[in-house]
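What follows is a short report on a single structure.
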Amino acid sequence: MILRYDVIVVGGGHAGCEAATAAANMGAKTCLVTMDMNKIAQMSCNPAIGGIAKGQIVREIDALGGHTAMVTDATAIQFRMLNRSKGPAVWSPRAQCDRGKYIWEWRRVIDHTPNLDVWQDQVNELLTEGNKVAGVRTIWGVDIMARCVIITAGTFLHGLMHIGRTMVAGGRIAEPAVDGLTESITRHGIRSARMKTGTPVRIDKRSVHFEDMEIQEGEHDFHQFSFKAPHRVLKQLSCWTCYTNKEVHATLNSGLADSPLYNGQIKSIGPRYCPSIETKLVTFPDKEQHPLFLEPEGEDTNEMYLNGFSSSLPMEVQIEALKHIKAFRDIKVYRPGYAIEYDFFDPTQLSHSLESKIIDGLFMAGQVNGTTGYEEAGGQGLMAGINAALKCAGSEPFILHRDEAYIGVLIDDLVTKGVDEPYRMFTSRAEYRILLRQDDADRRLTEKAYKLGLAKRDRYDWWLQKKEAIDRVMHTCGNISVKPKEINDWLQSIGTSPLREGCKIIDLLSRPQIEMKDVMTIAPTLKETIESLDNRKEEITEAAEILIKYKGYIERERMVADKMHRLENIRIKDRFNYPEMQQLSTEARQKLQAINPDTLAQASRIPGVSPSDINVMLVLLGR
């Protein structure tokens, strides 16, 4: 049997769902191949979306016309804005979701996406003609032919699960591993290696003594993920916190001899920023306690997720250790934690479009590129889907720069620096994070998405209306003056210096102690302007206030970014014979030859390429 499409997406996880819907919405005839239609966008680990820098990626996906944010808002059971004690450059939304409802909301999106078919099967071979993609072959002998193939196989390629000394092949618990596909890709010269991740025990909430835990409520204000979706509709639930103790640690340490991480079973590298509980004990032997977070898996289930207790120790050790925590003294579990090893491919062999440099028409996204997290996967999937559709249409690829999106930082890091551990996004990875705030993703990206055809007219019109409203609020703030006698008593009462002469509201708002809600009480015209806003007045007011307060920082960072763009505009791909450039260091020659960067700016970000190497290349280009 032969099926024919423009784009094939292999894998129905977070990267696959975004890739498939993006390609289809841009007009490409698309087929999503997944092993189980009822587990599309399965949250294999914690059913939570967002977090530090990850939340920014989700808002960027939303601004670009993707779906993760809207699906999250529709299924969120707790929402929080993290890092509120710091500046807005690092504010990050996070939501706990209903695991089951999240799957079915994504399924609803896919079922209602034009140009998108779903085929339930397992791909075990990549088909090529010379150095070009031709399609895929499945275990049932179906050949699906296409001009572009996007691999989003997650942890399924030769997936191997570990609980103590027991090893079981699988992509995740109770699901089979994929054999053969890695080999059909690597035989073309694409490099693969192994990585490891893990997940914690799942607990029956009926066995938990919540009176011995600290409650962690969610937030109930206007914030959400999508710029356009309805506000949260599900019942909002609490999370809970507690700590490990010396007895817990003693029990866990007694099982280290049977830990796959320390007995030689697992040889691959795990995520440094989300370590297993046994890794925490070995790395921080003097620490007497570690925080744990008990989080609900859904509105109507007793299953709870124990964040902070990822483990692959023997199941009896995991359970016995938890019983030493007062709240878990009568604990019952649904399943223990486990680790999983899987194949990934060297992302430096990809271009910034996420297309392979070796096989024409082959794209990769998600954990197969060495990343970790649903959000990083979704952002890559969206970009791969966009670029596969553009390739089918004969158009130039769509690339996001480091000053345009966290997604741009993510992809540039992957293809320029590669990975030696599962990559996780942090705000510290972005040198322009004041420009990449969670509140302005629509300002940065909606117009780009509209020009691509991914964001539809209603989405674009909503952004134009919001932009006009933000400008109106800022204009009002710039035209209203206050006099010292009207405000000095209040200024002194909040600990800020009094005015010597009248000033504009916009100048008053630049003070860190003063917020928009404060000046509304002394400026009736401003209050009237804000109250007249039809939609999302809180979101619009917050966006305007941030632009006012951080105007100087934003302008300064924009100047720095614009200077770097000069190097971004100097294209060097295939212009140098690096092995013969004796003016460069040996390490620089080797790295430049391996990666073959597109621009001088990308070359400057390659580890091992020094500023003096860049100066040499500039001189040679001048010649």
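Throughout, numbering of the chain's residues begins at 1 and tracks the sequence.
Distance alone, capped at 3.5 Å, is enough to place a donor-acceptor pair between the Thr21 side chain and the Glu18 backbone. Judged purely by atom type and a 3.5 angstrom limit, Glu375 has no side-chain atom pairing as donor or acceptor with the backbone of Val58. Remark: the backbone N or O of Gln216 is paired with a side-chain donor or acceptor of Gln78 at under 3.5 angstrom. A donor-acceptor pair is defined here as one N or O able to donate and one able to accept, closer than 3.5 Å; no such pair exists between the side chain of Glu538 and the backbone of Phe222. Under the 3.5 Å distance criterion, the side-chain polar atoms of Ser207 are matched with a main-chain donor or acceptor of Asp204. A donor-acceptor pair is defined here as one N or O able to donate and one able to accept, closer than 3.5 Å; no such pair exists between the side chain of Thr371 and the backbone of Tyr423. The main-chain N or O of Glu297 is never found under 3.5 Å from a side-chain atom of Glu303 such that the two would form a donor-acceptor pair. Checked by atom type and distance alone, the side chain of Gln224 never pairs as donor or acceptor with a backbone atom of Arg232 at under 3.5 Å. Formation of a donor-acceptor pair under 3.5 Å by the Asn488 side chain with backbone atoms of Leu499 is found in this model.
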TODO: Would you check, one step at a time, whether the test salt bridge (Lys or Arg N to Asp or Glu O under 4.0 Å) holds for Lys456 with Asp458?
DONE: CA-CA 6 Å; Lys456 306 308 177 188; Asp458 64 330; over 6 Å; no

Open item on the list: Does Tyr305 form a side chain to side chain contact (heavy atoms under 4.5 Å, CB included) with Arg202? I'd like the steps, not just the answer.
Closed with: CA-CA 5 Å; Tyr305 179 95; Arg202 302 307 200 271; 3.6 Å; yes

TODO: Might you work through the side-chain hydrogen bond (donor to acceptor under 3.5 Å, both in side chains) test for Asp613 and Ser610, ending with a clear yes or no?
DONE: CA-CA 5 Å; Asp613 294 322; Ser610 70; 3.0 Å; yes

Open item on the list: Assess the residue pair His401 and Asp403 against the criterion (side-chain hydrogen bond (donor to acceptor under 3.5 Å, both in side chains)); give the C-alpha distance rounded to whole Å, side-chain angles, the decisive distance to 0.1 Å, and a yes or no.
Closed with: CA-CA 5 Å; His401 297 295; Asp403 63 325; 5.5 Å; no

Open item on the list: Evaluate Met425 against Gln56 for side chain to side chain contact (heavy atoms under 4.5 Å, CB included), listing each step before the verdict.
Closed with: CA-CA 10 Å; Met425 179 54 73; Gln56 281 88 328; over 6 Å; no

- [ ] Determine, stepwise, if the pair Thr496 / Arg511 fulfils side-chain hydrogen bond (donor to acceptor under 3.5 Å, both in side chains).
- [x] CA-CA 8 Å; Thr496 185; Arg511 300 188 182 193; 3.0 Å; yes

- [ ] Determine, step by step, whether Lys467 and Glu447 satisfy the side chain to side chain contact (heavy atoms under 4.5 Å, CB included) criterion, reporting the C-alpha distance in whole Å, the side-chain angles of both residues, the deciding distance to 0.1 Å, and the verdict.
- [x] CA-CA 12 Å; Lys467 181 178 182 296; Glu447 187 168 350; over 6 Å; no

Open item on the list: Using side chain to side chain contact (heavy atoms under 4.5 Å, CB included), reason through Asn245 and Gln289 one step at a time and then give a plain yes or no.
Closed with: CA-CA 5 Å; Asn245 54 49; Gln289 63 178 25; 5.8 Å; no

Task: Test side-chain hydrogen bond (donor to acceptor under 3.5 Å, both in side chains) applied to His209 and Asp330, step by step - done: CA-CA 8 Å; His209 292 272; Asp330 298 316; 2.7 Å; yes

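Proximity of Leu382 to Glu60: side-chain heavy atoms (C-beta onward) are nowhere separated by under 4.5 Å. The closest side-chain heavy-atom distance from Phe328 to Val208 is below 4.5 Å. Between Cys477 and Leu509, some side-chain heavy-atom pair lies under the 4.5 Å cut-off. Counting only heavy atoms from C-beta outward, the side chains of Glu515 and Asp518 approach each other to under 4.5 Å. A heavy-atom distance below 4.5 Å is not found between the side chains of Pro230 and Asp73. In this structure, the side chains of Thr75 and Trp106 stay at 4.5 Å or more apart for every pair of heavy atoms. The shortest distance between side-chain heavy atoms of Ser92 and Gln438 does not fall below 4.5 Å. Counting only heavy atoms from C-beta outward, the side chains of Asp440 and Leu547 never approach each other to under 4.5 Å.
A salt bridge does not link Glu376 to Arg424: none of the charged side-chain nitrogens sits closer than 4.0 Å to a carboxylate oxygen. Electrostatic pairing of Glu105 and Arg108 counts as a salt bridge here, judged by a charged N lying under 4.0 Å from a carboxylate O. Salt bridge annotation for Asp439-Arg437: present, with a cationic side-chain nitrogen under 4.0 angstrom from a carboxylate oxygen. By the 4.0 Å N-to-carboxylate-O rule, Lys326 lies too far from Glu214 to be salt-bridged with it. With respect to Glu295 and Arg94, a salt bridge is recorded, a charged nitrogen being found less than 4.0 Å from a carboxylate O. Using a 4.0 Å cut-off between a side-chain N of Lys or Arg and a carboxylate O of Asp or Glu, Asp300 and Lys101 qualify as a salt bridge.
Stacking of Arg59 on the aromatic ring of Phe227 is recorded, both the 6.0 Å distance cut-off and the 45° axial limit being met. Seen from the ring of Trp91, Arg84 counts as a face-on cation partner, given the 6.0 Å and 45° thresholds.
No more than 12 heavy-atom neighbours from other residues, nucleotides or ligands sit within 6.0 angstrom of CD on Glu528. Within a 6.0 Å radius of NE2 in His475, no more than 12 heavy atoms belonging to other residues, nucleotides or ligands are found. In Lys287, the NZ atom is not crowded: 12 or fewer heavy atoms of neighbouring residues, nucleotides or ligands sit closer than 6.0 Å. Shown here is Glu501, whose CD atom has no more than 12 heavy atoms of other residues, nucleotides or ligands within 6.0 Å. Surrounding CD of Glu468 are more than 12 heavy atoms belonging to other residues, nucleotides or ligands, all under 6.0 Å away. Dense packing is recorded around CZ of Arg457, with more than 12 heavy atoms of other residues, nucleotides or ligands lying under 6.0 Å away. Heavy-atom contacts from other residues, nucleotides or ligands closer than 6.0 Å to NZ of Lys527 number 12 or fewer.
The two residues Ala384 and Ala365 make their nearest non-hydrogen contact at CB-CB, 4.1 Å. Of all heavy-atom pairs spanning Asn369 and Pro347, the tightest one is O-CG, 3.5 Å. Residues Ile77 and Glu299 approach most closely at CG2-CG, 3.9 Å, considering heavy atoms. Scanning both residues, Gly198 and Ser310, for their nearest heavy atoms gives C-OG, 3.4 Å. Considering all non-hydrogen atoms of both residues, Val473 and Ala544 come closest at CG1-CB, 3.8 Å. For Pro484 against Gly502, the heavy-atom pair with the smallest separation is CD-N, 3.7 Å.
Using bins of under 30°, 30° to 60° and over 60° for the plane-to-plane angle, the ring pair Tyr273/Phe426 lands in the perpendicular bin. Taking the six-membered ring where the residue is Trp, His14 and Tyr102 present tilted rings, their angle falling between 30° and 60°.
The only member of Arg459, Arg444, Lys228 that meets salt bridge (Lys or Arg N to Asp or Glu O under 4.0 Å) when paired with Asp62 is Arg459. The only option from Ile61, Leu400, Ile399 that meets the side-chain contact (heavy atoms from CB on, under 4.5 Å) definition with Met383 turns out to be Leu400.
Taken from OG1 in Thr541 to CE in Met520, the straight-line distance is 6.5 Å, to the nearest 0.5 Å.
Here Phe284 and His249 keep their ring centres 6.0 angstrom or further from each other. Checked against the 6.0 Å centroid criterion, the rings of Trp240 and Phe210 qualify as a close aromatic pair.
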